[in-house]
Amino acid sequence: MGGKKNTIDRKMDDCKEFTKEKHAKYFLRCLNALPSSLVSLDSIRLSISFFAISGLDVLGRLDLLDKHKEEYINWIYLFQILPNCNDECLERCGFRGSLAATFSLENQDTSCVGNVRNKGSISSHPLDTSHITMTYAAINTLLILGDDLGRIQRKGILAGVKALQLENGSFAATLEGSESDVRFVYCACCICYILQDWSAINIEKATHYIVNSISYDGAIGQDRNQEGHAGLTFCGIAALSLMGTLETSLSLNQKAKLVRWLVSRQQSGFQGRPNKLPVDTCYSFWVPATLKILGAHQFIDRKSNRKFVLDTQCNIIGGLSKWIDHSSDPLHSYLGLAGLSVCEETDLVEIIHPALNVTKRAFEHWQKLVND
C-alpha cells in the first residue's frame with residue numbers, strides 16, 4: 001500500500017511548470033490587441049480589461065503597466081456615462097461596456113462630476129445606458145490600478161444601480177430590460193460596498209431573493225425552483241457576505257447542505273453542477289471562493305485542483321483554457337489563476353479577497369481610500 005501511495009503522490013506532483021511570465025505576456029496582449037475571432041467581445045471590452053489587469057495583479061506583475069497606468073485609468077473613465085450639469089437622466093449613469101455605443105469619440109465638455117466639468121468624458125446619446133456588470137468591472141479595475149476613484153460620478157452610479165432593482169429584489173443588467181438574476185445582485189452589492197453607500201439597494205428584498213433562489217439541493221439557481229449552479233451560488237453567497245446578511249439569512253442546516261454540494265463539485269478540478277463533465281477551469285474559482293467565504297475551504301483537495309489548473313496552461317502563447325488542450329481565453333485565464341489564489345497557492349500567485357474578487361493589495365488600497 002505504501003508503494004502505491006507514493007506512486008500516486010508522484011503522479012499528482014507531475015504537472016506542468018507554472019509559466020508565469022508567459023501568462024503575463026498573454027494578459028498584456030489581451031489589453032493591446034485581440035484576434036479577429038474575438039470581435040464579438042467588443043461590447044464587453046471593460047470585462048476583458050478587468051480580466052487582463054487583475055490577472056497581472058494576481059501574478060504579481062502589475063509593474064508591467066507602470067508606464068501606462070494613467071493612460072489605462074483615463075481610458076476606463078471614457079466608458080463612464082455622466083449626467084449633464086442639471087443632473088438629468090441619473091438612472092442611465094454608470095459604465096458602458098464599449099465605446100462603440102457612443103455617437104462621438106471626440107472629447108466633449110457637456111457632462112459634469114458634481115459642478116465640475118469632466119474633461120475627456122464622452123457625451124452620451126439619450127439611448128446610451130450603463131450596464132451593471134461593466135460598472136462593477138470598471139470600478140474594480142480602477143481600484144487595481146491604484147486610482148482614488150475621484151472621477152467616479154457616485155450620485156449617478158448609485159441612481160443607476162437603484163433603478164435596476166426589481167420588485168422581487170433581483171437586478172436587471174440595463175434599463176432597457178434584460179435577464180434579472182443573482183449575477184447582477186452581486187454586481188450591485190460590489191458597487192455599493194466599494195462606494196460605501198447602500199442607499200441604492202433594498203437589502204431586505206435582495207437577501208430574500210437570494211435565499212428564495214436556493215434549490216432543493218442546497219445551491220443557488222437562476223431563480224426560484226431552478227437548478228443549482230456553482231457560478232450563481234458564488235454570486236449569491238458573496239452578495240450576502242458583502243451585505244452583512246450571510247450569518248442571519250442561512251440556517252446551519254442550509255449552510256451544511258450547501259457545503260456538501262460544493263465539495264461534491266470537485267472531480268480533479270471543479271464542475272459547475274452535478275453530472276456536468278468535463279471539469280472547467282472557471283469553477284476552480286467559483287467553488288473554492290464560495291467555500292472560503294463560508295469558512296469551509298479546508299475540504300478542498302488543493303493538490304488535485306492545482307494539477308488540473310496547471311494542465312490547462314498554454315505553453316506556447318500563455319494563458320489558461322477552459323479545458324485541457326484547448327485555446328486560452330481571457331476569462332478562464334484569469335479565473336484559473338484566481339482559483340489558485342483562493343486555494344492559497346501562494347508560491348504561484350497573490351492572495352485574493354474572495355467576495356470582491358480583487359487582490360489583497362487592491363483591497364488594502366480601497367481600505368486606505370475609505371479611511372482617509
Side-chain angles (χ1 to χ4, degrees), residues 41-51 54 76-83 89-102 122 124-144 149 151-203 205-207 209-210 213 220 222-223 229 231-243 286 331 355-358 366:
L41 300 181
D42 182 73
S43 63
I44 57 169
R45 191 176 294 183
L46 273 184
S47 287
I48 303 301
S49 66
F50 166 72
F51 296 141
S54 194
I76 290 169
Y77 275 114
L78 288 177
F79 290 75
Q80 186 172 204
I81 297 175
L82 301 167
C89 301
L90 281 171
E91 69 276 4
R92 293 193 297 109
C93 293
F95 285 79
R96 54 172 79 82
S98 171
L99 295 180
T102 63
I122 297 175
S124 60
H125 187 271
L127 296 180
D128 184 15
T129 59
S130 63
H131 190 290
I132 197 167
T133 304
M134 299 305 117
T135 303
Y136 155 79
I139 294 176
N140 269 17
T141 309
L142 289 170
L143 276 182
I144 293 164
L149 306 185
R151 284 180 276 171
I152 289 287
Q153 222 291 350
R154 292 171 179 258
K155 183 178 180 180
I157 286 176
L158 291 168
V161 169
K162 188 172 185 177
L164 295 175
Q165 188 167 23
L166 306 181
E167 188 59 34
N168 67 354
S170 68
F171 280 78
T174 67
L175 276 178
E176 285 77 16
S178 70
E179 295 176 294
S180 56
D181 56 53
V182 72
R183 292 172 299 172
F184 308 127
V185 177
Y186 169 68
C187 292
C189 289
C190 286
I191 294 165
C192 291
Y193 185 91
I194 291 171
L195 298 183
Q196 286 291 278
D197 190 330
W198 291 94
S199 62
I201 297 180
N202 184 319
I203 291 177
K205 284 186 175 182
T207 298
Y209 173 78
I210 294 171
S213 297
I220 295 173
Q222 198 157 12
D223 209 332
H229 185 278
L232 296 169
T233 298
F234 165 80
C235 290
I237 297 302
L240 292 175
S241 175
L242 294 172
M243 289 188 289
W286 303 127
L331 181 147
L356 277 182
N357 195 10
V358 295
W366 170 79

Under 3.5 Å, side chain of [X] to main-chain N/O of [Y], donor-acceptor pair present?
X	Y	result
Gln153	Cys93	no
Ser180	Ser170	no
Asn140	Leu356	yes
Gln80	Arg151	yes
Thr233	Ile220	yes

Please name the pair of heavy atoms, one in [X] and one in [Y], separated by the smallest distance, quoted to 0.1 Å.
X	Y	value
Leu164	Leu175	CD2-N, 3.6 Å
Tyr209	Val185	CD2-CG2, 4.2 Å
Arg96	Leu78	NH1-O, 3.2 Å
Thr129	Ile81	C-CD1, 3.3 Å
Met243	Ala206	SD-CB, 4.0 Å
Ile139	Leu149	O-CD2, 4.4 Å

Look up atom [atom1] in [X] and atom [atom2] in [Y], then write down how far apart they are to the nearest 0.5 Å.
X	Y	atom1	atom2	value
Ile203	Cys192	CD1	SG	8.0 Å
Thr133	Phe171	OG1	CZ	12.0 Å
Leu158	Ile201	CG	CD1	9.0 Å
Ile157	Leu90	CD1	CG	11.0 Å
Met134	Thr141	CE	OG1	10.0 Å
Lys162	Asp197	NZ	CG	10.0 Å

Would you indicate whether the side-chain heavy atoms of [Y] and [X] approach each other to under 4.5 Å?
X	Y	value
Gln222	Ser213	no
Ile76	Leu46	yes
Cys189	Trp198	yes
Phe79	His131	no
Val358	Leu143	no

Are the aromatic rings of Tyr186 and Tyr136 close, with centres under 6.0 Å apart?
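Yes: the rings meet the under 6.0 Å criterion.
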Contacts of type side-chain hydrogen bond (donor to acceptor under 3.5 Å, both in side chains), residue Glu167, not counting sequence neighbours:
Lys205
So Trp286 and Phe234, would you call those rings parallel, tilted or perpendicular, with 30° and 60° as cut-offs?
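Answer is tilted, since the angle falls between 30° and 60°.
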Once the angle between the rings of Phe95 and Tyr77 is folded into 0 to 90°, is it parallel (under 30°), tilted (30 to 60°) or perpendicular (over 60°)?
tilted
Full working for side-chain contact (heavy atoms from CB on, under 4.5 Å) between Cys187 and Thr135:
CA-CA 8 Å; Cys187 292; Thr135 303; over 6 Å; no
